[in-house]
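This report refers to the structure that appears directly beneath it.
We use all heavy atoms of the structure for the numbers below, so side chains are in, but hydrogens, waters and symmetry mates are not.
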Amino acid sequence: MMEATKMIIGILMCLFIYTDGLEDAEFWREKALNKLRDVVDQEPNRRLAKNIILFIGDGMGITTMTSARIFNGQNNGQTGEETELNIDKLPYTAISKTYCVDFQTPDSACTGTAIMAGIKINQEVIGYDANVLRENCTLLGNAEDEAKVKVDSIT
């Protein structure tokens, strides 16, 4: 009987903890409208860009980002879902789907080339096209000529 009482008290305590501070539907509508107003009211930057900084969050899909928000929030005494990460505060963000020509699960080589050059290529290949296989990556087609080529810089 004592165990059942402890279990009931535990359940009631959990219900109290998780229902304390719950907001109604109007709260969430107002929160969403305020966020939308903030975004719509932002004055776009119309100046000419001198430099562009491109943050590529490799492997940072929607589920990974949600997990990071929950983890961060729970480590700060919140439930987690309401947490905003610094990347969420950037004025412009996008989600991009990239993949290799020859593999469904991409690596950073083919996805990086797709993002920077706009060309989809094979897995484990950087900077060529899909005609080049991982086992045959020479610039000039043969090893003798390849040995003469020096890379000065990569920009």
Side-chain angles (χ1 to χ4, degrees), residues 10-11 14-15 17-19 21-23 25 27-155:
I11 291 171
C14 286
L15 289 173
I17 290 169
Y18 288 111
T19 58
L22 284 181
E23 293 83 6
F27 170 84
W28 294 111
R29 277 191 215 95
E30 192 61 36
K31 186 172 179 132
L33 283 173
N34 287 337
K35 185 68 172 177
L36 284 172
R37 284 187 196 109
D38 289 345
V39 171
V40 169
D41 292 343
Q42 279 184 348
E43 190 65 34
N45 182 350
R46 300 192 190 285
R47 298 179 300 186
L48 184 62
K50 182 177 178 182
N51 297 300
I52 295 175
I53 300 172
L54 179 63
F55 291 101
I56 301 174
D58 193 17
M60 292 176 63
I62 293 171
T63 53
T64 305
M65 294 293 292
T66 301
S67 297
R69 284 185 197 97
I70 292 169
F71 180 78
N72 191 36
Q74 288 178 350
N75 280 339
N76 290 300
Q78 301 170 328
T79 58
E81 291 86 350
E82 72 284 358
T83 302
E84 208 173 25
L85 301 172
N86 287 332
I87 194 169
D88 296 325
K89 299 172 188 174
L90 294 172
Y92 303 103
T93 58
I95 297 174
S96 174
K97 177 179 74 172
T98 55
Y99 53 90
C100 302
V101 171
D102 61 344
F103 273 76
Q104 288 181 330
T105 305
D107 66 352
S108 297
C110 71
T111 57
T113 299
I115 291 167
M116 299 308 292
I119 301 169
K120 292 207 180 285
I121 60 174
N122 294 318
Q123 185 162 345
E124 297 183 9
V125 176
I126 298 175
Y128 290 96
D129 62 24
N131 294 314
V132 176
L133 302 175
R134 179 178 61 91
E135 297 84 18
N136 186 17
C137 290
T138 60
L139 284 172
L140 304 173
N142 63 59
E144 291 173 9
D145 290 336
E146 184 80 19
K148 299 175 188 172
V149 176
K150 303 285 187 226
V151 176
D152 181 41
S153 65
I154 299 173
T155 57

How far does [atom1] of [X] sit from [atom2] of [Y], to the nearest 0.5 angstrom?
{"X": "Cys110", "Y": "Ile115", "atom1": "SG", "atom2": "CD1", "answer": "9.5 Å"}
{"X": "Met60", "Y": "Leu85", "atom1": "CE", "atom2": "CG", "answer": "7.5 Å"}
{"X": "Asn131", "Y": "Asp129", "atom1": "CG", "atom2": "CG", "answer": "4.5 Å"}
{"X": "Lys31", "Y": "Leu33", "atom1": "NZ", "atom2": "CG", "answer": "13.0 Å"}
{"X": "Ile119", "Y": "Tyr128", "atom1": "CD1", "atom2": "OH", "answer": "12.5 Å"}
{"X": "Ile95", "Y": "Ile62", "atom1": "CD1", "atom2": "CD1", "answer": "4.0 Å"}

If I compare all heavy atoms of [X] with all of [Y], which pair ends up nearest, and what's the gap?
{"X": "Val132", "Y": "Val125", "answer": "O-CG2, 4.0 Å"}
{"X": "Pro106", "Y": "Cys100", "answer": "CA-SG, 3.6 Å"}
{"X": "Glu82", "Y": "Thr79", "answer": "OE1-OG1, 2.6 Å"}
{"X": "Ala109", "Y": "Ile126", "answer": "CB-CG1, 3.4 Å"}
{"X": "Asp107", "Y": "Glu124", "answer": "OD2-N, 2.7 Å"}

*For Asn72 and Arg69, does a side-chain donor sit closer than 3.5 Å to a side-chain acceptor?*
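Per modelled atom types, Asn72 and Arg69 side chains form no pair under 3.5 Å.
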_Greater than 12 external heavy atoms within 6.0 Å of Gln104's CD_ = no
*Can you tell if the side chain of Lys120 reaches within under 4.5 Å of the side chain of Tyr99, non-hydrogen atoms only?*
yes
_With a 4.0 Å cut-off on N to O distance, would you call Lys35 and Glu84 a salt bridge?_
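Yes.
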